[in-house]
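Heads up: the structure comes next, in structure tokens.
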Amino acid sequence: MTLVRKLYDWVEVRLGISEVIEKEMTGYLLPRTINNWYSLGSVLLFAFTLQVISGILLLIYYVPDADKAFKSVSVIMNEIPFGWLIRLCHAVGSNLMVATLFLHMFSVLFMGSYKKPRELQWVSGFTLLNLVMGISLTGYLLPWSQLSFWATTVATNSVGAIPVIGEYLVEFVRGGKLVGPPTLGRFFAVHVAVLPLVIAGLIGAHLFFLKRTGISAPPTRNDPATTTRQGSSYHYDKHEGGIPFFPNFFLHDMTSVSIYMACLLGVVFFSPYLFFTPDSFVPANPFQTPAHIKPEWYFLANYQILKIFPSEIIGLTVQGAGMTFIALLPFVDRGDGRYPLKRPLFMVCSLGGIAMFIALSIWGHLS
Amino acid sequence: MTLVRKLYDWVEVRLGISEVIEKEMTGYLLPRTINNWYSLGSVLLFAFTLQVISGILLLIYYVPDADKAFKSVSVIMNEIPFGWLIRLCHAVGSNLMVATLFLHMFSVLFMGSYKKPRELQWVSGFTLLNLVMGISLTGYLLPWSQLSFWATTVATNSVGAIPVIGEYLVEFVRGGKLVGPPTLGRFFAVHVAVLPLVIAGLIGAHLFFLKRTGISAPPTRNDPATTTRQGSSYHYDKHEGGIPFFPNFFLHDMTSVSIYMACLLGVVFFSPYLFFTPDSFVPANPFQTPAHIKPEWYFLANYQILKIFPSEIIGLTVQGAGMTFIALLPFVDRGDGRYPLKRPLFMVCSLGGIAMFIALSIWGHLS
Amino acid sequence: MIPVRISAPIRILATLLFSLAVSVATGHAQENSCVTCHGAMPGKYGAPVPLWKSSIHAENNVFCHECHGGDPKDLGNAMKPDRGFKGVPKETAIPETCGRCHVGVLKDFLGSAHGKRLGSGGPTCVTCHGNHAVKKASLEIINEKTCTKCHTYERARLMKQAMQETEGMITTLDARIESLKLQGKASETMEQGLFNARNRFHTLFHNVIAEKVRSESAAIKKDLGTIGAQIDAIEQAEQKRKMVGAAAIGGLLLAALLFRLLGKTYDN
Amino acid sequence: MIPVRISAPIRILATLLFSLAVSVATGHAQENSCVTCHGAMPGKYGAPVPLWKSSIHAENNVFCHECHGGDPKDLGNAMKPDRGFKGVPKETAIPETCGRCHVGVLKDFLGSAHGKRLGSGGPTCVTCHGNHAVKKASLEIINEKTCTKCHTYERARLMKQAMQETEGMITTLDARIESLKLQGKASETMEQGLFNARNRFHTLFHNVIAEKVRSESAAIKKDLGTIGAQIDAIEQAEQKRKMVGAAAIGGLLLAALLFRLLGKTYDN
């Protein structure tokens, strides 16, 4: 009986840890047909953790004050040992995380995993996507560069188009009539505390939903036309005879995480300025509007929608309607079938939607 | 069938929520003899939440920079609407939270609840006490007042007495030879991000241990001389026939939380400067050492121990030994009995220890 | 906070503070050859030393040579004229000697009825303030004994009365502001206001026109009243908070009671 | 960052930038009575207008009256002497006219062999720089055609050669620093160094002593070399990072492969 074994037994007597491990790890069974798209959730958990860790390290030297923010970021990039690495990982990581969230959503979309009984997973997941975009937006202001300042000015401006409360809302968000030092304080608190907590909480809920329902099996051409679960009683998808989460799928997860990390470092080391424009390295100047301020790539479609409509309020309404439609997709698309090739209308709409999103983004980038 | 009922049923089909509620709330039974000391855990959860919320609000206007920190705190106290309330709640709350932690620990001590199979609860709880003292210490520096500056200088100095690595450690903690701007950055990151995360994680572990073992019943004079659980197998303390956590004990918890909150507001409104000295309202000045810098009341015993021993290293060793003893108490005190009046040696040692702690604190305060 | 245009009193204050800081830092506070030699001498040559030691000058590290010249660091040549030694100033040179530091006061004094009689029977600085044992200036200096050395006390009494109340107000406000400050209240503007009012008040002391003293005192008291009102407002806000706080605490204790009672019903 | 002691070139630069900003802000860029009237005139009275419009002066909003005086805002009285109108400057007054703005250059020119012959056959500013169509100064101004108007080209060629390389270095370094800056690298000290070297270099242009040009150019090149070395160091560090990065990425991909293979064995 080794020391480790002794320790394990000691804990076992007190906590019944073997039962927990059985339930969450080795006895948590996944469908045999599970594919690598399913590991994107773990990749996202990893990506979020990486953002938290790099963010905490940045907190040591970053100063959330309009006079000092830009300089403090410059010090981090140039003087603090490995400051450049941590900052680039954080900035590039946020972009890759949003990209991975899109992939995660698309895979769920095409495998029809959002359907009953997993509506709540979809809604919480889509909310998470939006919150992550929000935490990226608030983080964008913090370096207090020309890009930060003007991108935030543009982004907060559009809020003003909301009828009645719009103007009040803009002032509340900015802490004043214009983007300025109070905006930085607000965005800082939201970026480092409010949104991380809300996102962590919602990740918890997302995983809780997942564990209570059981994971979905990938759809196949031979799926029965009706789901096995029509009734009004709760049922946990056990996937008997499936593969265990640990070690089998955990190793899949680790493969995907390693590849994600390789991509992240690829950008950090070989194209570190992919997500920066020259305006990112000029301190914010409220008296000088740069020529071409564009939001981050994942906001380009929204930006272009606002631009192509004659009035901002129409643009906002269209966006709101689109977002609501996506959020409520499981309640709209209630058919039983999940195999995409058997659902032509769904395929046309989804692919069309994605194509439109990409087209709008490119248009926004070029215009 | 009302709308709420419909919604509940909808969620029930998907998540089997009734099972969760049964397990965690109405079916989670506590011993009938449970007393109000048991609600201190909930009070502490509430206190921690309050610190997190008030802390996030303070983040909006606080600037963690040596040039701006003091002024920003002054602005919060004098200009921001309700800034004074939030800041006082945070500062007073930290003191009350430490006090409540002491009470929680004493109740566990005298009810012998730390004994097998709950050693891990004790160890995690004692670690939490130390972490909360740590988060208080790091928060103490942030206003960058004379008190902050010199108390931190004194506190970090004593680390230097550790042999071999002491000097290196002091420099690492301070980010330089002396307390200065880099120290503020470090303490800020630790205070707002590192320690809150670690504490939240450990609270999770503490609750997990609690839920796996089941809660202890208060000891009585008539307890059997041997515990019911001598074996080497895991057993959950069900307390069959006990009262449910919800709503019964939850209402006890709410009573205690209300009283805690009343105490907090009592200090905030009627003795707001109880935990401040005049030096708290003078900006930090590295060239002027104030006459009587004392640590917060909960560090006075440690401070006095360091002072009464001829060399700092002996003082630190004594403290370390004492702390280790308390941390490992369940492994030292392994007897079966839990009813304190039947354990004279234990009573003498505990009361003696507490009396010594209080005496040292008073001595430290007066000296 | 120091205003951009630095007035004479502030300059003096700054100089005092600086010299104080330097003296303390270099640690040679009371050691210099003047004190060493004269302290050991009997009679009139040694007498000034203990007097000086009890003075506000000694308290603020203003040394012998600062009035009498000479080089306190060089025992052998301390009193040589080529080291700037001046000895006892002539009566008519006294205001100028004191005025080297007390710039604003010199101007006020020379313009006053007192100053205009300098050399023709009028008082000099030391007539009222004494010389070596010079004390912190206060209203006590205006008293029957001193004033009646030259003229009747009547007008002086009127002036003193007019100023007494103001002096009291300043002292009280100073204490109140200090206590707010030690509670972390923003007191900069009030402190600045009081500082200005006190300076304005101090210029009155050497202006010996009763009517002007009365009218100026009234204006200063008005300013002080404004500051007092600001302090009152802060203290009233504090009182209001206490009332809201009491209500909140009452509510919480009531809630605690209700939770307890509700809990009881479930327990049974 | 502006150094504390502000040298003449910087002062001029600041003035230029300021007047530029003001002109742009007030939006009256090219409208004034000089241009309005003369632009419509034929022959020699109208000729300067298009020339000026193509000049660096027009580009930087330096208008007719700034050399010729007069009041461009008052059409009727624009050319009255009492409005400061000067007309065409006399030959000997030309350096002084240009030197009102180009202060440092005037000093250099007057001290040079060129300047010492002012009025006795030597060149003035406009001999080399032209008058109305004045272009941005560059090494191109030193050319056989211009110089041989007065003397042989031999020495001028030597000077040009000595300066050409420096000019190239400055241009290259400027571009390299700019590119570092757009990557967020700390470039302040290098920028400051280049700014100083460039100023020092510019003073050489009006000093027509071949030996001095050569020795000064060498010293400036040495300074530029130091800056170049700093940039090299940054770029090398970047290269080194890339290598470490490549290794890390390789390691991760290998790990991915191993995890995959291990996963396969469990799956089967």
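Lettering of chains follows the sequences in order, A, B, ..., and the numbering in each one begins at 1. Computed from heavy atoms alone, side chains included, the values below leave out hydrogens, waters and symmetry copies.
- Heavy atoms of P247(B) lying under 4.5 Å from chain C belong exclusively to its side chain.
- Taking the six-membered ring for Trp and thresholds of 30 and 60 degrees, F102(B) and W297(B) have ring planes inclined between 30 and 60 degrees apart.
- Between chain C and the options A262(B), P272(B), C263(B), G266(B), the largest number of non-hydrogen pairs under 4.5 Å is found for A262(B).
- Note: F63(C) and W52(C) meet the aromatic proximity criterion, with ring centroids under 6.0 Å apart.
- Contacts with chain B were tallied for K185(C), R241(C), K264(C), R260(C); R241(C) has the most, counting heavy-atom pairs under 4.5 Å.
- Interface check for chain C: of the options L265(B), N248(B), L85(B), the most heavy-atom pairs under 4.5 Å are formed by N248(B).
- Judged by the 6.0 Å distance and 45° axis criteria, K211(B) is positioned over the aromatic ring of Y28(B).
- Of the atoms belonging to F276(B), not a single heavy atom falls under 4.5 Å from chain C.
- Salt bridge R176(C)/D232(C): present, at least one basic N to carboxylate O contact under 4.0 Å.
- Of the listed residues (A186(C), G251(C), A256(C)), the greatest number of heavy-atom pairs within a distance under 4.5 Å of chain B belongs to A256(C).
- For F249(B) and H252(B), the distance between ring centers is under 6.0 angstrom.
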